[in-house]
Amino acid sequence: MLLFGVYREFAGQAELGLELPAGSTLAHLVSELRSRSGFDRLPDRPAVARNLTYASLDELVEAGDEVALIPPVAGG
Amino acid sequence: MLLFGVYREFAGQAELGLELPAGSTLAHLVSELRSRSGFDRLPDRPAVARNLTYASLDELVEAGDEVALIPPVAGG
Amino acid sequence: MREPTIVAEITAEPLNGGELSARLRSTEDGAVVVFEGRVRDSNQGRPVVRLRYEAYAEMAERVLTEIASEAGSLYEVGAVGAAHRTGALELGEASVVVVAAAAHRAAAYDASRYVIEAIKQRLPMWKEEQYADGSTAWLGERPVEGEAR
Amino acid sequence: MREPTIVAEITAEPLNGGELSARLRSTEDGAVVVFEGRVRDSNQGRPVVRLRYEAYAEMAERVLTEIASEAGSLYEVGAVGAAHRTGALELGEASVVVVAAAAHRAAAYDASRYVIEAIKQRLPMWKEEQYADGSTAWLGERPVEGEAR
């Protein structure tokens, strides 16, 4: 999965591989991530993109999906 | 007095001299003008500027004033 | 609060919004709104080939300065500039340019809009349209109302 | 009604509002609004010396295209263009440019405002400010809300 901005600093890297059981949702992915060191500052329900589109945390993650965590944005 | 745009076409000229009795207001000036040929299409209460500022028709005209009739505007 | 920079010009020269913006903005301004009014190829369904703007120049400079200053007082802006062209204009050329620069975007948009609406209401400026058939007409759709005088 | 021209770009090159405007407008457009967001010399009272924008580039191009298209559907415009810069920017440089061209000014202002507000809400773009003392901070004041996702 892809990490940007301040979330990337939590991880110390821009990409992260995660192994998730089949049938996992984006919410599962987030909670798995929050258990890792550095990610305790990740919000409960961060914005997440799946395949370049904002996605609901209820959505299932499928093999080959491009998932990205979207920190609060600051464009403009 | 100065005439612009369509009002100038009423007169066929951009400047016009008017003799008014002392104590005349801008309203008197307008009604004097409206009696002239070509000016029957001038509104009852046109916008008027006195000395480069929009003026009320109640204002007195004084010697040396620069008076202008302001047709409906079309800037922008 | 900064005292806003005010610029108002009536000119027969071509207008350039980018240039006016560059002249007015500072690094305190996070938002710049440039409005350009341009000569359209038709008006109320009639094809227009050319326009001519005529101003009561001395009064128009004064009124345009007043309008820009009003916007500068009403909104938290760093600069407000407005320029209106006179004379013959071809299709697509800018007849008016308004620049508002501010720390924050809301003020820049509001000031910009204020200026163009006031120009339409009370700048002593007239427009003669020339049509494809060679005929011309003085446009004058907005009598200056009592409260704007 | 015309199908509006839509342009959306994420680029590391300097932005030029006048150029984008010239590319987008036609002689059917009587009104052009150009909004430029520029790097301010301070943020919440802290002096800023430089900024760096980082995008989720592939998604940002898609989201910016969506935003410009939404504005094109909501308002009667001839063209909507938006460009956002990435990488290091100096004070005063433009970080974002939005151009809206329309027959009439209300639509141009409304479309322009719609685009910049939506950019602020949901463009996947982040900003790292660098301060006079050499420290840096990731700005991220706007969590993307459910309805904007």
Side-chain angles (χ1 to χ4, degrees), chain B residues 1-18 24-34 36-76, chain C residues 8 10 15 35-40 43 48 51-67 82-86 89 94-98 112-113 115-129 136-149:
Chain B
M1 61 176 314
L2 304 176
L3 297 163
F4 295 95
V6 70
Y7 292 173
R8 190 181 55 229
E9 301 203 341
F10 296 170
Q13 62 198 65
E15 291 198 44
L16 209 63
L18 276 185
S24 293
T25 63
L26 289 168
H28 292 129
L29 177 151
V30 167
S31 84
E32 157 66 21
L33 208 55
R34 277 168 48 87
R36 299 200 173 190
S37 94
F39 279 99
D40 45 312
R41 285 179 296 157
L42 188 67
D44 259 19
R45 301 181 59 77
V48 176
R50 192 166 73 94
N51 300 327
L52 307 177
T53 305
Y54 289 109
S56 158
L57 292 175
D58 305 332
E59 290 181 27
L60 292 173
V61 188
E62 294 177 37
D65 280 353
E66 178 171 310
V67 175
L69 282 190
I70 309 292
V73 297
Chain C
I10 306 292
L15 302 180
F35 174 84
E36 295 177 336
R38 291 185 171 270
V39 180
R40 291 176 65 206
N43 187 12
V48 172
L51 276 190
R52 204 166 62 79
Y53 279 95
E54 172 181 308
Y56 180 6
E58 213 183 336
M59 179 173 170
E61 290 210 354
R62 182 187 281 217
V63 171
L64 195 55
T65 304
E66 275 169 18
I67 290 171
H84 203 299
R85 181 135 173 229
T86 55
L89 275 78
S95 52
V96 63
V97 168
V98 178
S112 165
R113 194 69 192 265
V115 169
I116 186 63
E117 298 303 329
I119 285 173
K120 300 257 175 188
Q121 277 167 23
R122 59 184 157 110
L123 189 69
M125 178 73 70
W126 301 277
K127 175 160 81 169
E128 191 184 44
E129 286 185 347
T136 62
W138 281 104
L139 278 271
E141 293 138 9
R142 297 180 297 271
V144 180
E145 301 295 343
E147 63 266 33
R149 289 177 190 174

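Quick caveat: nothing in here was measured; it's all calculated off a predicted structure. Numbers restart at 1 for each chain; the letters A, B, ... are given by sequence-line order, proteins then strands.
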Within residues 6-17 of chain B, residues adjacent to chain C where the heavy-atom gap is under 4.5 Å:
B:Val6, B:Arg8, B:Glu9
Any residue meeting salt bridge (charged side-chain N to carboxylate O under 4.0 Å, His left out) with B:Asp58, in chain and number order, not counting sequence neighbours
none
Considering the options C:Ile10, C:Ile119, C:Leu123, which one meets the side-chain contact (heavy atoms from CB on, under 4.5 Å) requirement together with C:Val63?
C:Leu123
Could you list the residues that satisfy salt bridge (charged side-chain N to carboxylate O under 4.0 Å, His left out) with C:Glu128, not counting sequence neighbours?
C:Arg52
Taking only residues two or more places apart in sequence or in another chain, which ones pass salt bridge (charged side-chain N to carboxylate O under 4.0 Å, His left out) with C:Glu58?
none
Can you tell which part of C:Tyr53 gets under 4.5 Å to a heavy atom of chain B, answering side chain, backbone, both or neither?
side chain
Quick one, C:Met125 and C:Val96 - any side-chain contact, counting heavy atoms below 4.5 Å?
no
Is B:Arg50 reaching over with its side chain to a backbone N or O of B:Val61, donor-acceptor style, under 3.5 angstrom?
no
Which answer fits C:Ala55, side chain, backbone, both or neither, if we ask what part of it has an atom under 4.5 Å from a heavy atom of chain B?
backbone
Report the option among C:His84, C:Lys127, C:Arg85 that has the most heavy-atom pairs separated by less than 4.5 Å from atoms of chain B.
C:His84
Minimum heavy-atom distance C:Pro124-B:Ile70, with the two atoms named:
CB-CD1, 4.4 Å
